[in-house]
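Please read the structure below before turning to the comments.
Chain identifiers are assigned alphabetically (A, B, ...) following the order of the sequence lines, protein sequences preceding nucleic acid strands; residue numbering begins at 1 within each chain. Side chains are part of it too, since the values below use all heavy atoms of this structure and drop only hydrogens, waters and symmetry mates.
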Amino acid sequence: MTRIDAKFADLKSKGQKAFVAYVMAGDPDYDTSLEIVRGLPGAGVDVIELGLPFTDPMADGPTIQLAGQRALEGGMTLDKTLALARAFREGDTTTPIVMMGYYNPIYSRGVPKFLEQAKEAGIDGLIIVDLPPEEDSELCIPAQEAGLNFIRLATPTTDDARLPRVLQNTSGFVYYVSITGITGSAEAQADDVAPEVARIKAGTDLPVIVGFGVKTPETAKAIAGVADGTVVGSAIVSQIEHGKSVADVLAFVRGLADGAHSA
Amino acid sequence: MADDLFNSFMTGPDENGRFGDFGGRFVSETLMPLILQLEAEYEKAKTDQSFWDEMDDLWANYVGRPSPLYYAERLTEHLGGAKIYLKRDELNHTGAHKINNVLGQIILARRMGKTRIIAETGAGQHGVATATVCAKFGLKCVVYMGAHDVERQKPNVFRMRLLGAEVVPVTSGRGTLKDAMNDALRDWVTNVRDTFYCIGTVAGPHPYPAMVRDFQAIIGKEVRWQLAEQEGEGRLPDTVIAAIGGGSNAMGLFFPFLDDTEVNIIGVEAGGKGVTEKMEHCASLTGGRPGVLHGNRTYLLQDDDGQILEGFSISAGLDYPGIGPEHAWLHDVGRAQYVSITDKEALEAFQLSCALEGIIPALEPSHALAHVMKIAPELPKDHIIVMNMCGRGDKDIFTVAKHLGFDMAE
């Protein structure tokens, strides 16, 4: 049982929806982002998605693109991202951390070495946007063998014929992308999402968490209400972009978490 | 030709879109069903005679194929060695080889019922070709182009707009060709139902590298029969040479000769200011290492942490930090040789072509010509080199004027 499995079991026993928050590691700088990440559990975050910066984030909208650029310009690297996770882990042994990013920095490091380092740093799962099931032998299978969850994205274009393949090697939870598009775009609609979540749940016992286009406590509540939880990324990153203090960022996160938890 | 399939270089990619370890389908889940559908539709079209009949008709009557295979007599005499032929793909409609592939993809898009075409462009040649074919078929066309390239390639931007395309200046990342490709992918992920992504080179997720190669292979197929007509039945080139950015014109020339192992194959990358640790070049094979970007594994310019670096070249059409995966594989198995040419050498070749042959070449094939200039003098007179003159230089005269210190405003 990974920290992710334990967290969802705990939420289930309490009858509570999950609130997942995304921040980019090293945005706006290493120290500030560590402070924010350390504050997330206290602000009501159940699972932390930690962005690994990459020069070419093809699935991300402008907000997260710019966050990655700020981090890279500030000297953020894969090693420092792992160090940030490790530093967080020293004070928190239960909140799961999922690393989210693109494959090349991991491939460049070498998959076996990366998995060993990620595990040692206290990372619990991976969401790698540009690795569909067709490329499972690259990282998905080795990650599961190393004891890390590999969380797959399911999307509105994942039809019924394809869904079993998408669910097959997924673990931890399923991340349903609420819209066809990039992060931070159009507002997610609970009415559209509900039947899709039902469709996915028919094929798996894993929790289904919905992200993309969730920006406000109201949407967080509405979307979490039709799923097992929700993810917010761009709206939080946008607070950091606008130079808000750590306390203000965490207060904003608290509002979103309360929204999701009230579902 | 090879005796059996096991010894053939022409059977790739495999069912996973791999050329050896290169290629693949590294895309987000949203796009995965779309590229699987594209692959299925392309497989159908490939064996459908009516698809190729339509292509042949347009190639002949709209593009002006076959392009001539021209014996460059004065260049040959000047260099004093190998006999040099130029494959004149710069004479195609829109001035480059790009339209060979665009026609294929747009006909496929029409068969798939897509009504909106998107494309990325660097120098603007692929964008112009896409805008042209979209105008011909009455399709909506959106071209993503790095903001920096929009500024330095104004004539092509205006051409695209005249042809009815919307040109979107890309400011994300550093506003270059790779960022234009990122934004095109972001568009596609958003507009999945009606949109067809027309990629301009032999890169991207499977089936693009194979599909674009197949459409461009008309270049090498023509060279085979044209050379036989001029030099005698069965005579093959001794060396084929082409410039490489992503590598589509080169793949098109090389592919039909891959199993004729007596034919030397040379790809010429853009060496910029020189292939050094300063990385002011676009020579992915000579100065990069394998990585994953834009849907495929290939050689990439990247730093130690796997972050992608910007290429640098005088030629906007070669200014890309990656290369088609089939080239990466041909490089690793040793079937093709890859070299690099600096900006300075390309400029010299550009001027020589103008002076001796009356052909103003694009800066891209000027790189290939610069390598011809290096090797031809050392080769015997019965050695035949075929070089792909893949584009004409109209778009580059402003850049060249600047480098030669000529004030166009006078």
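Defined by atom type and a distance below 3.5 Å, a donor-acceptor pair is missing between the side-chain atoms of B:R193 and A:T180. Under 3.5 Å, the side chains of A:E134 and B:N16 contain no donor-acceptor pair of N or O atoms.
A:F54 places a side-chain heavy atom less than 4.5 Å from the side chain of B:L293. Side chains of B:D305 and A:R109 form a contact here, defined as non-hydrogen atoms less than 4.5 Å apart. Using a 4.5 Å cut-off on side-chain heavy atoms (C-beta onward), B:I308 and A:N104 make contact.
For B:R297, the part sitting under 4.5 Å from any heavy atom of chain A is the side chain, from C-beta outward, and nothing else. No part of B:L309 comes within reach of chain A, as not one of its non-hydrogen atoms sits under 4.5 angstrom from that chain. Both the backbone and the side chain of B:P290 come within contact range of chain A, each with at least one heavy atom under 4.5 Å from a heavy atom of that chain. Only the backbone of A:P53 comes within contact range of chain B, judged by heavy atoms closer than 4.5 Å. Of the two parts of A:I106, neither the backbone nor the side chain holds a non-hydrogen atom closer than 4.5 Å to a non-hydrogen atom of chain B.
When each of A:L72, A:I179, A:L66, A:I128 is checked for heavy-atom pairs under 4.5 Å with chain B, A:L72 comes out on top. When each of A:A186, A:G181, A:P62 is scored by its heavy-atom pairs under 4.5 Å with chain B, the top score falls to A:G181.
The existence of a salt bridge linking A:E135 and B:R18 is confirmed by a sub-4.0 Å separation between a basic side-chain nitrogen and an acidic carboxylate oxygen.
Using non-hydrogen atoms only and a strict 4.5 Å limit, the part of residues 181-190 of chain B facing chain A consists of B:N182, B:L185, B:R186, B:V189, B:T190.
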Inset, instruction - In sequence, state the C-alpha distance, the side-chain angles, and the governing distance for B:V292 and A:E138, and then conclude on side-chain contact (heavy atoms from CB on, under 4.5 Å). - result: CA-CA 11 Å; B:V292 172; A:E138 294 281 334; 5.8 Å; no
Legend entry - Pair B:D179-A:D56, side-chain contact (heavy atoms from CB on, under 4.5 Å): steps then yes or no: CA-CA 7 Å; B:D179 301 301; A:D56 293 81; 4.2 Å; yes
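Atom CG of A:D79 sits about 10.5 Å away from atom CG of B:D304, to the nearest 0.5 Å. The CZ atom of B:R25 lies 13.0 Å from the CG atom of A:L131; values are rounded to the nearest 0.5 Å. Here the straight-line distance linking atom OG1 of A:T155 with atom CE of B:M32 works out to 11.5 Å at 0.5 Å rounding. The CD atom of B:Q37 lies 10.0 Å from the CG atom of A:D159; values are rounded to the nearest 0.5 Å.
The 12-atom threshold is exceeded at CZ of B:R289, counting heavy atoms of other residues, nucleotides or ligands nearer than 6.0 Å.
The minimum heavy-atom distance linking A:Q69 with B:S172 is given by the pair NE2-C, 4.4 Å. Across every non-hydrogen atom of A:T157 and B:P33, the tightest pair is O-CG, 3.2 Å. When all heavy atoms are compared, the tightest approach of A:S108 to B:G306 is OG-N, 3.5 Å.
Side-chain atoms of B:E29 do not come within 3.5 Å of backbone N or O of A:L153 as any donor-acceptor pair.
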